[in-house]
Amino acid sequence: MTEAFLELRDVTKSFTLPAREVVALSTTSLQIEQGALVCLLGPSGCGKSTLLRLVAGFEQPSGGNIIFHGKPISSPGPERGMIFQDYALFPWLTVRQNVAFGPRARGMGRRSAGDLADRYLDMVGLNEFAEVWPHQLSGGMRQRVAIARVLANDAKLVLMDEPFGALDAMTRERLQQELLTICAQTGLTVLFVTHSIEEAVLLGDRVIVMSAGPGRVVSDLAVSLPHPRDPTDASFNDIRRGLSEALHGGHSAAPVANGEPQQ
Amino acid sequence: MTFLGRAVVALGLPVVCLLLWQIAVSGQRYSLIPPPTEVAMQWWDMLVGGVWDDAYSATMLEHAWASMYRVFGGFGLAAAAGIPLGLLLGRVDLVRRIVDPTLQILRPIPVTAWLPLALILFGIGPKSAFFLVFLGAFWPILLNTVFGVRNADPRLTEAAAMLGVGKTAMFRKVVLPAALPSIFTGLRLSLGISWVVIVIGEMTGVRTGLGAVIMEARQLSRTAVVLSGMVTIGALGFFSDYALLLIGRRLLRWKDGND
Ligand SMILES: Nc1ncnc2c1ncn2[C@@H]1O[C@H](COP(=O)(O)OP(=O)(O)OP(=O)(O)O)[C@@H](O)[C@H]1O
Ligand SMILES: [Mg+2]
């Protein structure tokens with residue numbers, strides 16, 4: 001059997017507060033294959049963000065191992081890029097400088113980092129805004145910059161924590177399509193946290209459902225509908241209903257079968 | 001609004017105040033407070049001479065320079081000490097635990113309470129004034145720098161770590177720029193306080209400086225000279241603050257509302 005791209009083995013995470021111990025993530029095991037867009041779905045507080053932060057290396061697991069490319073994760077690193085819901089752009093850098101930040105930090109010259117940044121700004125359709133400060137951009141544009149910033153930094157795995165949650169419906173739909181296009185172009189592996197079932201079915205090659213806190217995986221479903229997916233489609237709705245049951249029923253432990261026949 | 005329009009609006013209130021002042025004091029046979037016209041004449045005489053030709057004529061620049069030297073010297077020293085110390089205190093827990101309690105005890109002591117000690121330590125003279133300005137300017141710079149460092153958004157540190165910034169570069173690449181707005185707030189507060197403190201400092205028996213002029217003229221009942229000194233301090237305070245504001249705007253032009 002080939003080695004998984006990303007593997008969580010019996011990972012747990014608890015936080016020690018002054019008064020008590022909070023279990024944020026109870027024993028979770030997962031394998032993510034390379035090139036997949038995996039959506040992580042679950043009720044608020046079930047540990048989705050915690051899982052992402054563990055994979056990013058911002059937090060250390062209390063138990064278990066996280067193996068990425070055959071090596072345990074010990075700290076944040078450029079091969080695992082995070083997209084935050086609140087963008088986390090550096091306000092004192094222009095859009096171009098933000099995108100060039102990673103390559104610059106890792107020793108690339110100013111000129112080539114700038115060229116690289118321009119290439120990725122092209123990809124997300126923001127080349128005209130290269131010289132602008134982040135606060136002059138709309139939310140959707142800021143999130144595009146954040147995506148370009150992670151791509152320019154050669155991330156192999158992109159971790160997205162409700163990245164489109166703060167955007168209006170139209171902007172969200174556009175960014176969802178752009179994300180799919182980018183994934184198709186680059187073969188990126190994405191771990192995408194959302195609390196919208198529709199978004200999960202629209203984007204995911206695979207949807208993982210976690211139960212209410214402390215989180216664990218209750219359902220793991222491969223979605224093989226062809227893109228572009230149509231939310232009004234009957235098969236789309238079958239999958240959505242199945243996920244909704246898994247999400248609200250709590251322990252429909254058996255993995256749900258594919259919603260649609262494979263092509 | 002155009003620049004001219006704004007200037008007219010801004011000048012309206014002072015002009016009205018001056019008019020009221022003029023009306024209030026003129027027509028009285030004997031007034032302790034001279035009318036603005038007389039103050040203006042006195043101010044002009046102190047600046048270039050040729051009106052009264054007395055001991056105060058054409059001395060303004062000398063006094064203004066003396067005060068500015070002490071203000072900017074003390075302020076500069078406070079910035080040179082306060083910013084690095086603030087960065088350290090905000091960043092290194094060990095330093096904070098060692099130094100912070102001492103600072104917290106020293107901080108509530110008003111600058112004026114230091115005056116007698118300053119006279120003993122540095123004698124009557126410009127050094128005491130310098131020292132007092134330094135003390136007054138030091139605290140706002142220090143506290144705002146610490147605040148800026150400690151309030152740097154942890155999200156941005158995480159974003160930088162995720163992009164490949166190591167522990168040592170983190171300070172220069174993220175913490176310092178994130179703290180800059182707060183540091184500038186501290187600098188502006190301090191410069192304002194420096195002008196307050198300098199007048200107190202120069203009342204300790206130095207012969208030059210705007211504070212000294214005001215004290216001496218008060219004893220001689222030359223109220224127009226006192227008022228001229230006050231006007232000059234006001235103007236210098238205003239222009240130095242404005243200069244700092246412009247520098248800040250340039251350095252912080254990335255901030256929302258600064259463009
Ligand atoms: N740094 C922390 N210290 C203490 N408790 C924490 C910390 N981070 C998370 N938790 C707790 O862990 C649990 C899971 O949090 P997490 O943020 O991972 O949930 P989530 O699934 O992302 O929720 P949401 O959908 O609302 O974003 C929560 O109960 C939370 O209070
Ligand atoms: Mg979350």
Side-chain angles (χ1 to χ4, degrees), chain A residues 49 52-53 55-59 73-95 97-108 113 117 131-137 142 145-161, chain B residues 79 83-84 86-87 90-91 93 97 144-188 244-259:
Chain A
S49 297
L52 234 54
R53 293 175 56 77
V55 175
F58 297 144
E59 313 273 2
I73 288 169
S74 60
S75 61
E79 69 287 349
R80 283 161 287 126
M82 182 94 154
I83 307 279
F84 301 91
Q85 183 172 9
D86 52 5
Y87 325 120
L89 299 178
F90 304 110
W92 55 85
L93 299 178
T94 62
V95 165
Q97 289 168 333
N98 261 285
V99 179
F101 183 90
R104 289 282 291 143
R106 293 186 296 136
M108 192 184 282
E131 302 292 344
V132 157
W133 304 112
H135 77 83
Q136 297 168 309
L137 297 178
R142 285 182 215 190
V145 177
I147 292 170
R149 178 171 74 171
V150 161
L151 294 178
N153 209 23
D154 259 346
K156 299 284 176 283
L157 171 64
V158 177
L159 307 162
M160 305 179 96
D161 194 353
Chain B
I83 294 175
L87 295 176
R91 190 76 176 153
D93 258 3
R97 278 202 294 268
N144 280 280
T145 305
V146 173
F147 177 85
V149 171
R150 296 192 72 80
N151 280 275
D153 187 355
R155 262 281 184 293
L156 296 180
T157 337
E158 283 177 358
M162 160 280 270
L163 292 169
V165 174
K167 280 214 167 56
T168 41
M170 189 64 78
F171 186 76
R172 186 172 45 86
K173 292 204 146 233
V174 179
V175 178
L176 197 58
L180 208 56
S182 188
I183 293 177
F184 247 91
T185 306
L187 288 175
R188 273 189 80 191
L244 197 58
L245 184 72
L246 289 183
I247 296 172
R249 279 224 186 114
R250 173 95 190 97
L251 278 176
L252 305 174
R253 65 191 186 285
W254 48 270
K255 275 204 68 166
D256 207 350
N258 259 3
D259 46 13

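Hydrogens, waters and symmetry mates play no part in the numbers below; they use all other heavy atoms, side chains included. The sequence lines fix the lettering, A, B, ..., with proteins before strands; numbering per chain opens at 1.
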As an exercise: rank A:A155, A:A105, A:P91, A:G102 by heavy-atom pairs under 4.5 Å with chain B and give me the winner.
A:P91
Quick one: of A:A88, A:A146, A:G57, who has the most non-hydrogen atom pairs under 4.5 Å with chain B?
A:A88
Looking only at non-hydrogen atoms, find the nearest pair between B:V174 and A:F90 and report the distance.
CG2-CE2, 4.2 Å
How far does CG of B:L156 sit from CG of A:L89, to the nearest 0.5 angstrom?
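Reported value, rounded in 0.5 Å steps: 8.5 Å.
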Check whether [X] gets within reach of chain B through its side chain, its backbone, both or neither, counting any heavy atom under 4.5 Å.
| X | result |
| --- | --- |
| A:R80 | backbone |
| A:D86 | side chain |
| A:R149 | both |

Side chains of B:N144 and B:T185: is there a donor and an acceptor less than 3.5 Å apart?
no
When the ring planes of A:W92 and B:W254 are compared, do they come out parallel, tilted or perpendicular, using 30° and 60° as the limits?
perpendicular
Hey, are the side chains of B:K255 and B:P181 touching, using non-hydrogen atoms and a 4.5 Å cut-off?
yes
Is B:A159 close to chain A through its backbone or its side chain, or both, or neither, when contacts mean heavy atoms under 4.5 Å?
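Contact with chain A involves both backbone and side-chain atoms of B:A159.
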